[in-house]
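Notes for the one structure printed next.
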Amino acid sequence: MCRAVDLQQAVLAKNDASAETLRSRLTERGTTVVNLLSSPGSGKTALLERELLLARERSVPVAALTADLATENDATRLARSGVPVKQVLTDGLCHLEAGMLAGHLVGWLPDDTRVLFVENVGNLVCPASYDLGETLRVVLASVTEGEDKPLKYPTAFGLAQLVLVTKTDIADAVEFDEAAFRANVERVNPGVEVVLTSARDGRGVGALLDRTLAAAGGATPHVPVMARRSEGLHDHAHPHDHPHPGAGSGTGLSEGVGADGHGPLAAPRP
């Protein structure tokens with residue numbers, strides 16, 4: 001067990017180094033990354049589609065990369081917004097890693113991209129431990145998932161810099177207790193902003209884009225207590241029974257860039 005934990009910590013440390021490299025390169029070229037985490041079926045894709053449409057209306061250069069174990073359904077849906085979209089199929093891996101993300105950006109991400117939205121694999125366990133080089137980490141939960149969701153997944157919610165509640169148009173029908181949900185979020189992540197949204201009726205649409213552009217403009221995102229205690233967004237090992245790129249089994253996902261995240265990215269914008 002100790003050896004397994006040591007290996008996991010080594011994998012996380014390697015990912016952290018890749019994330020810092022990627023963050024520096026993207027920041028230098030003027031691109032802000034948003035890491036979106038949620039359970040499957042939370043309405044993440046529907047809300048993101050609305051945000052992408054709004055960004056296009058405002059002439060904000062954005063792009064989206066979406067990850068799933070299988071199918072390109074989410075990319076097809078997001079592409080309707082008219083912004084650059086890329087699908088990543090993880091072939092069973094339950095999360096993205098920084099080196100994988102870096103590899104998929106090479107030769108694809110437009111030079112003028114101001115914001116890159118990364119729709120992580122639908123999972124609130126594995127992705128919570130992996131820094132992708134993001135500036136803003138956002139966790140989404142729908143009103144159908146229960147008010148105790150933050151307590152069941154304390155790492156994901158505890159490291160969030162913004163929490164979005166989705167599908168609020170059916171909140172009354174499922175008897176969603178907003179006060180209880182907010183109280184539970186506060187227990188694991190004091191001070192984090194919680195925004196109510198609905199992709200169907202438009203409530204809260206634009207909040208994600210606004211918060212992202214504020215961060216891109218230099219505003220300091222919320223710093224979770226959990227992140228301060230661990231001195232980063234990564235020191236939360238969890239058991240795995242699947243291989244990791246660069247840890248004994250490659251996935252072939254990082255063509256054009258090494259698993260350490262190093263490789264060519266477009267030059268900074270003047």
Side-chain angles (χ1 to χ4, degrees), residues 31-68 71-88 96 101 108-110 112-124 127 132 134-145 149 156-157 160-174 176 178 181-182 185 192-217 219 221-222:
T31 301
T32 296
V33 178
V34 181
N35 186 5
L36 302 170
L37 291 79
S38 78
S39 297
S42 68
K44 179 167 76 265
T45 305
L47 183 62
L48 179 56
E49 183 181 7
R50 293 290 301 267
E51 297 286 344
L52 296 178
L53 285 166
L54 183 60
R56 189 179 181 193
E57 291 173 7
R58 295 183 181 178
S59 299
V60 179
V62 301
L65 181 146
T66 181
D68 280 299
T71 83
E72 297 189 0
N73 294 344
D74 287 353
T76 299
R77 183 172 184 175
L78 294 176
R80 298 184 305 197
S81 66
V83 310
V85 174
K86 183 169 187 177
Q87 178 74 57
V88 173
L96 287 173
L101 176 60
W108 168 72
L109 189 67
D112 67 343
T113 303
R114 188 175 180 190
V115 176
L116 171 63
F117 291 101
V118 177
E119 185 180 20
N120 218 317
V121 179
N123 181 350
L124 282 178
L132 298 183
E134 69 263 21
T135 295
L136 190 64
R137 177 177 290 208
V138 182
V139 173
L140 301 88
S142 74
V143 297
T144 62
E145 296 177 58
K149 195 81 172 187
F157 282 89
Q161 294 167 295
L162 176 66
V163 175
L164 301 180
V165 180
T166 61
K167 304 184 183 181
T168 58
D169 53 288
I170 60 171
D172 290 341
V174 299
F176 175 68
E178 179 187 343
F181 181 85
R182 288 182 179 275
V185 171
V192 69
E193 183 181 14
V194 177
V195 178
L196 304 182
T197 72
S198 169
R200 177 167 292 183
D201 66 22
R203 181 180 188 179
V205 171
L208 175 59
L209 181 61
D210 289 342
R211 304 306 186 274
T212 300
L213 292 177
H222 169 71

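Throughout, numbering of the chain's residues begins at 1 and tracks the sequence. In this text, all values refer to a predicted model and were calculated from it rather than measured experimentally.
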Treating Arg50 as the side-chain partner and Ala199 as the backbone partner, does any N or O pair qualify as donor plus acceptor under 3.5 Å? yes

Of all the heavy-atom pairs spanning Leu109 and Ala63, show the shortest one and how long it is. CD1-CB, 4.0 Å

Would you name the heavy atoms of Val195 and Arg211 that are closest together and state the gap between them? CG2-NH2, 4.1 Å

CD of Glu119 to NZ of Lys86: how many Å apart, nearest 0.5 Å? 15.5 Å

Minimum-distance pair of heavy atoms, taken over all atoms of Trp108 and Ala64: CH2-O, 3.6 Å

Do Val88 and Leu65 come within less than 4.5 Å of each other through their side chains, counting heavy atoms only? yes

With distance as the sole test, does Gln161 use its side chain to make a donor-acceptor pair with the main-chain N or O of Arg137 at under 3.5 Å? yes

Glu134 side, atom CD; Leu36 side, atom CG - distance, nearest 0.5 Å: 10.0 Å

Once you round to the nearest 0.5 Å, how far does CD of Gln87 lie from OG1 of Thr66? 5.0 Å

CG/Asp172: more than 12 non-hydrogen atoms of other groups inside 6.0 Å: no

State the OG-CD1 distance between Ser142 and Ile170, to the nearest 0.5 angstrom. 7.0 Å

Could you give me the CA-CA distance, side-chain angles and deciding distance for Leu209 and Arg58, then say whether side chain to side chain contact (heavy atoms under 4.5 Å, CB included) is met? CA-CA 10 Å; Leu209 181 61; Arg58 295 183 181 178; 3.8 Å; yes

Show the nearest heavy-atom pair for residues Leu124 and Ala156, with the distance to one decimal. O-CB, 3.5 Å

Can any side-chain N or O of Glu49 pair as donor or acceptor with the backbone N or O of Leu78 at less than 3.5 Å? no

CZ of Arg182: more than 12 outside heavy atoms within 6.0 angstrom? yes

Working to the nearest 0.5 Å, report the span between CZ of Phe181 and CG of Leu196. 9.0 Å

Report the distance from atom CG of Leu132 to atom CG of Leu37, rounding to the nearest 0.5 Å. 7.5 Å

Smallest separation among heavy atoms of His222 and Ala160, with atom names: CD2-O, 3.6 Å

Check whether Thr113 reaches the backbone of Thr31 with its side chain - one donor and one acceptor, N or O, closer than 3.5 Å. no

If every non-hydrogen atom of Thr168 is compared with every non-hydrogen atom of Thr197, which pair is closest and at what distance? OG1-O, 2.9 Å

Strictly distance-based, threshold 3.5 Å: is any side-chain N or O of Arg56 a donor or acceptor partner for the main-chain N or O of Ser81? yes

Mind checking what makes salt bridge (charged side-chain N to carboxylate O under 4.0 Å, His left out) contact with Lys149, not counting sequence neighbours? Glu145

